[in-house]
Number of protein chains: 2
Amino acid sequence: METGYRGIPIPTIKRFPSYLRLLEGYREEGMEMISATTLAEELGLKPIQVRKDISCTGIEGKPKVGFSVTKLIEAIVRTLGWDNATDAIVIGAGHLGSALARYEGFESYGLKIVAAFDVDSQKWGTWLGNVPVYPLDKLQLYVEEHHVNIGVLAVPADHAQETAELLMKSGIVAIWNFAPKDLKLPPHVVVQRTDLATSFAVLSAKVKQKIQKKELSIEIDEW
Amino acid sequence: METGYRGIPIPTIKRFPSYLRLLEGYREEGMEMISATTLAEELGLKPIQVRKDISCTGIEGKPKVGFSVTKLIEAIVRTLGWDNATDAIVIGAGHLGSALARYEGFESYGLKIVAAFDVDSQKWGTWLGNVPVYPLDKLQLYVEEHHVNIGVLAVPADHAQETAELLMKSGIVAIWNFAPKDLKLPPHVVVQRTDLATSFAVLSAKVKQKIQKKELSIEIDEW
DNA sequence: TAGATTGTTAATCGATTAACAATC
DNA sequence: TAGATTGTTAATCGATTAACAATC
């Protein structure tokens with residue numbers, strides 16, 4: 001059985017934004033060509049890994065010279081799908097939802113927050129930066145009328161599941177979940193978590209491991 | 001040459017918080033035993049993976065019955081190092097820093113935000129929930145006096161590197177970096193990113209892949 | 001040219017998954 | 001007991017890394 005197209009590895013996808021930030025800096029400095037070797041050094045990666053990652057974009061480099069900075073940027077942006085701007089809504093206008101709605105960096109990812117929704121009537125009609133806050137009841141209608149694709153979920157954990165289901169029913173394609181809750185949704189909905197607990201778990205584990213290593217003696221780090 | 005202790009796999013660490021949330025729900029319901037099979041089903045994982053993960057905590061189960069809910073919770077919490085509360089400070093009292101300082105969920109991870117710091121003199125002396133905001137100049141002294149271990153970095157990207165170096169010099173052990181910037185720090189400092197761009201990149205790629213697959217027909221994704 | 005860098009093919013490494021005996 | 005579940009050992013899978021020919 002032929003499964004065919006396998007897709008770009010998730011770890012590679014995760015490194016792309018770092019490449020992009022670095023490359024945009026180089027572009028601003030007027031640099032035209034960049035080698036995988038330099039990118040690797042700058043990001044603490046191995047050159048071979050950077051080359052492998054870049055090869056996923058389909059772009060070609062010149063031996064001894066490297067890659068065109070602008071072409072590489074374009075290729076990565078295209079590979080991530082960040083060249084087509086997508087409208088998104090934020091659900092939950094609490095502290096986190098508010099910070100997300102106001103965040104200006106999303107533009108460069110092709111993400112545009114067009115509205116926020118909340119159950120709290122006191123927030124209706126207010127603005128989070130340039131983003132208006134509407135009643136949650138208006139969500140379904142808004143999504144249908146404005147063809148919103150992405151829902152940014154920033155509600156409390158105990159309302160995450162039901163809100164996600166509402167988003168799904170409204171026709172949202174993908175959910176970016178900031179609530180500390182694992183959603184159970186049918187596989188046709190794309191869900192991506194940004195879970196503080198998960199991130200902090202890795203930090204904690206690294207700290208703990210470092211302490212353990214130091215106790216068991218062994219080597220030293222310089223600097 | 002014997003390298004010895006290898007540590008718990010990062011993917012396992014990342015799944016632990018999901019197990020914990022689920023288990024705490026079961027504990028509240030008064031459930032005493034739980035099987036890996038049930039946990040797996042609830043989280044959309046394979047039973048074998050859950051068993052492997054659990055085995056990393058060192059806890060033992062009973063065939064046909066499962067694991068003690070409370071013992072499993074304790075074991076995971078201990079494995080993550082969440083049983084020892086750690087003091088942390090937030091640097092940058094903008095929208096994101098403010099949301100982080102006010103977030104109450106950190107308690108259950110053994111993380112306590114004790115202060116925030118900002119360059120903006122207008123913010124000095126104000127409070128983010130229960131967290132006071134101090135001048136950035138006071139950071140070094142504060143860290144030394146209060147033995148703060150963790151710095152939560154929520155400053156703009158163009159100040160992230162220098163602020164991280166300040167934290168390092170002040171004696172901070174680990175940095176939780178929310179700035180969209182890759183930090184260059186010596187290996188003895190533990191750094192963990194929570195990068196919106198990275199998370200959104202995965203979301204974008206999944207959406208794009210799904211569209212492509214739908215065109216080519218065929219099946220689904222994980223995560 | 002010589003040397004650095006690309007791109008491909010193969011080897012390695014680590015995590016996931018499968019198989020199955022042990023056990024309550 | 002029979003059947004479900006654990007825990008271990010081996011197989012598989014995917015990503016990283018190594019090796020090296022091609023090339024500007």
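Basis for what follows: all heavy atoms, side chains included, without hydrogens, waters or symmetry-related copies. Below, chains carry the letters A, B, ... as their sequence lines are ordered, and counting in each starts from 1.
Across all strands shown, B:Ser55 has no heavy atoms under 4.0 Å from either base or sugar-phosphate atoms. A:Lys64 comes within contact range of at least one nucleobase, with a heavy-atom separation under 4.0 Å.
Checking C:dA18, C:dT5, C:dA15 against every side-chain atom of B:Lys46, the shortest atom distance belongs to C:dA18. Ranking D:dT5, D:dC24, C:dT16 by closeness to the B:Pro63 side chain, first place goes to D:dT5. With D:dA18, C:dA15, D:dT16 as the choices, the nucleotide that has an atom nearest any side-chain atom of B:Pro9 turns out to be C:dA15. Closest to the side chain of B:Ser35, from the set D:dT17, D:dC24, D:dT6, is D:dT6.
Distance, B:Phe67 CZ to D:dA4 P: 18 Å, rounded to whole Å. Spacing between atom CD of A:Glu41 and atom C1' of C:dA4 amounts to 14 Å, rounded to whole angstrom units. Residue B:Arg51 contributes atom CZ, which lies 15 Å from atom P of C:dT23 at whole-angstrom precision. Nucleotide C:dA22 holds its C1' atom 13 Å from the CD atom of B:Glu60, rounded to whole Å. Atom-to-atom, CD of A:Gln49 to C1' of C:dT12 comes out at 14 Å; the value is rounded to the nearest Å. Computed from coordinates, the A:Ile59 CD1 to C:dG7 P distance equals 9 Å when rounded to whole Å. If you measure from atom NZ of B:Lys14 to atom P of C:dT16, you get 11 Å, rounded to the nearest angstrom. In this structure, CG of A:Leu72 is placed 16 Å from P of C:dT5, rounded to the nearest angstrom.
Contact annotation: B:Arg15 reaches the phosphate of C:dT16 (side-chain N/O to OP1 or OP2, under 4.0 Å).
With no hydrogens or angles considered, a side-chain donor-acceptor pair links A:Arg193 and B:Ser18 at under 3.5 Å. With 3.5 Å as the limit, one finds a donor-acceptor pair spanning the side chains of B:Gln192 and A:Lys206. Looking at B:Arg51 and B:Ser55, their side chains never bring a donor and an acceptor atom within 3.5 Å of each other.
Where B:Ile54 and A:Val65 each meet DNA chain D at their nearest nucleotide, the meeting point lying more 5' is that of B:Ile54.
Between A:Arg21 and B:Asp195 there is a salt bridge, with a side-chain nitrogen of the basic residue lying less than 4.0 Å from a carboxylate oxygen of the acidic one.
Using the Watson-Crick or G-U wobble rule with both distances under 3.5 Å, C:dT12 pairs with D:dA15. In this structure, C:dA21 and D:dT6 make a Watson-Crick or G-U wobble pair, each of the two defining distances being under 3.5 angstrom.
Using cut-offs of 30° and 60° for the angle between ring planes, the B:Phe178 and B:Trp176 rings count as tilted.
Checked by distance alone, A:Lys52 brings a side-chain donor or acceptor within 3.5 Å of a matching partner on the base of D:dT17.
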